[in-house]
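For reference, positions follow the sequence shown, starting with 1. Just so it is clear, the model here is predicted, and its values are computed rather than measured.
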Amino acid sequence: MTALKRAASPGRCCVALGAAATLALTACGGPASDAAAGSARGLDTITFLTNVPTAGLTWAPELVADTCGQFAKQHLKVKFQYINGAPAGVQAVLAGSALLVRPGDTDAMQSIATGAPIVNVGAVQKGGATLRIVSDRHHPLTTPASLKGKTMGVGSTGGSTKVMLDLVLATAHLKPDALTRQVVGLTPGVFNLVQSGKLDGYVVSLDTAYTLQKQQKDVVVTNPADFITAGSNNYVTSARQLKDPAKASQIHRFEAGIQAAMRFIIADQADDYAKTKKCIASKYDVASLKDDEVARRSLDTYVKAWTTGGADKLLQTDPKAWQKTYDELTSAGLIKKGLKPAAWYSNAQVPKGAGASGSAPRAAAPRTAATGKEQ
């Protein structure tokens, strides 16, 4: 498991689970105290929630923007705050304790469909899931049907991992209860439980999957994107914050910083990401960076995910993929039919063009989940 080099701040340690935790982000001296420090340097301080508890390469754009100055160029000080799971992150954003969280598309859609006034304002990783299903070659899990009756290790019993597995099962006309889920760690060492037969497989990040492929000759890695469209990650904020011109400007500048970081990493691809690794390692301890092959394979895959649909469309939500994800959720019985998912995202805050940075657009009027009418 990877970790930050610096010690956890009091603000990080204060985060609790669920909706009640949203108040703790401010009460523990997080955003409020940091905002004062940032203002003294002429920076706007914002809180960005990470709903995965490790500093992995899935966060490469955010980590590079923090360490290589792309956020600073947008006059932003971005505080990374871990919170346990997408539902708790959504609650924190709704309470105004954080500006943005990055859940999966299915988490965002299910929250909106049940009444949460949130908006997807930017698609980070597109083109399907970047999670992987790991199994042993003696009992490989390579098709949706092969999951029937199996025990799968997962980081949590809810969230995007659960929905991803449910959708994969649905393609074989299987119900969610066709698979037993067991909460485990998500490190390479957990593969021992697969080898011993205590698990049939487990769901891991790209970094971990590539590390396992290098370390264990018996590893089989299955990509859920071979079966389903769902799996993108999206920046989500509350409708209330999006209507605030100052907050809308911060979101626009945050995304300009992310786009600049993505372009920095893409340009660094020809040099095997040497500058990218140097930037991240200057502040964060990411285990996969210590293996050049794993780091390169992971970043290659993430670059492909960011640029799905074209390198000129970084962070833009693809309307067709978004609709197809909704259709997959409704077909699996995981979300109500007859809603209007096109009203659940906005590309208005995404900077346009390769040189985009500067001024933000006028705040977009959020729309209601069911009708698509402006609030």
Shortest non-hydrogen separation from [X] to [Y] and the atoms involved:
X: T130; Y: A305; result: CG2-CB, 4.4 Å
X: M152; Y: I133; result: CE-CG2, 3.9 Å
X: P188; Y: Y202; result: O-OH, 3.5 Å
X: K247; Y: L99; result: CD-CD1, 3.9 Å
X: T143; Y: S146; result: O-OG, 2.6 Å
X: L199; Y: V184; result: CD1-CG1, 4.0 Å

Next on the checklist: Any salt bridge linking D285 with K290? Criterion: basic side-chain nitrogen under 4.0 Å from a carboxylate oxygen.
Outcome noted: yes

Checklist entry - Would you call K324 and D105 a salt bridge, taking side-chain N to carboxylate O under 4.0 Å as the test? => result no

Next on the checklist: If hydrophobic clusters are built from ILVMFWY residues whose side chains come within less than 4.5 Å, do L334 and V168 share one?
Outcome noted: yes

Measure the spacing between [atom1] of [X] and [atom2] of [Y] and express it to the nearest 0.5 Å.
X: M109; Y: W344; atom1: CE; atom2: CH2; answer: 6.5 Å
X: I118; Y: R240; atom1: CD1; atom2: CZ; answer: 14.0 Å
X: F264; Y: T276; atom1: CZ; atom2: OG1; answer: 5.0 Å

Checklist entry - Where do D318 and T308 land on the side-chain contact (heavy atoms from CB on, under 4.5 Å) test, with the steps shown first? => result CA-CA 9 Å; D318 177 1; T308 295; over 6 Å; no

Side-chain donor-acceptor contact under 3.5 Å, [X] with [Y]:
X: S249; Y: R253; answer: yes
X: N223; Y: R132; answer: yes
X: D66; Y: Y284; answer: yes
X: Q195; Y: D136; answer: no
X: Y82; Y: N84; answer: yes
X: Y210; Y: S288; answer: no

Next on the checklist: Evaluate L179 against L174 for side-chain contact (heavy atoms from CB on, under 4.5 Å), listing each step before the verdict.
Outcome noted: CA-CA 9 Å; L179 182 71; L174 296 171; over 6 Å; no

Sub-4.5 Å side-chain heavy-atom contact between [X] and [Y]:
X: F71; Y: Q74; value: no
X: T58; Y: Y302; value: yes
X: K277; Y: D292; value: yes
X: L186; Y: T208; value: no
X: F48; Y: R102; value: yes
X: Q91; Y: I83; value: no
X: M262; Y: L315; value: yes
X: L167; Y: T325; value: no

Checklist entry - If you draw a 6.0 Å radius around NZ in K150, do more than 12 non-hydrogen atoms from other residues or ligands fall strictly inside? => result yes

Item to check | Other residues, nucleotides, ligands: >12 heavy atoms within 6.0 Å of K214 NZ | outcome: yes

Checklist outcome for this item: Only one of R297, R296, K304 passes salt bridge (charged side-chain N to carboxylate O under 4.0 Å, His left out) with D300, and that residue is R296

Checklist entry - Do the ring centers of F80 and W59 come within less than 6.0 Å of each other? => result no

Next on the checklist: Under the criterion side-chain hydrogen bond (donor to acceptor under 3.5 Å, both in side chains), I'd like the reasoning laid out for T47 against Q81: C-alpha separation, chi angles, the key distance, then a yes or no.
Outcome noted: CA-CA 7 Å; T47 297; Q81 183 85 54; 5.5 Å; no

Item to check | Parallel, tilted or perpendicular: rings of F254 and Y235 (30°, 60°) | outcome: perpendicular

Next on the checklist: Quick one, V93 with L100, criterion side-chain contact (heavy atoms from CB on, under 4.5 Å). Give me CA distance, side-chain angles, the key distance, then yes/no.
Outcome noted: CA-CA 6 Å; V93 165; L100 293 162; 5.8 Å; no

Next on the checklist: For Y273 and I265: C-alpha separation, side-chain torsions, deciding distance, then whether side-chain contact (heavy atoms from CB on, under 4.5 Å) applies.
Outcome noted: CA-CA 7 Å; Y273 306 105; I265 296 169; 3.8 Å; yes

Next on the checklist: Considering only residues two or more places apart or on different chains, which pairs with a residue in residues 158-191 satisfy ring-ring contact (aromatic ring centres under 6.0 Å, His included)?
Outcome noted: none

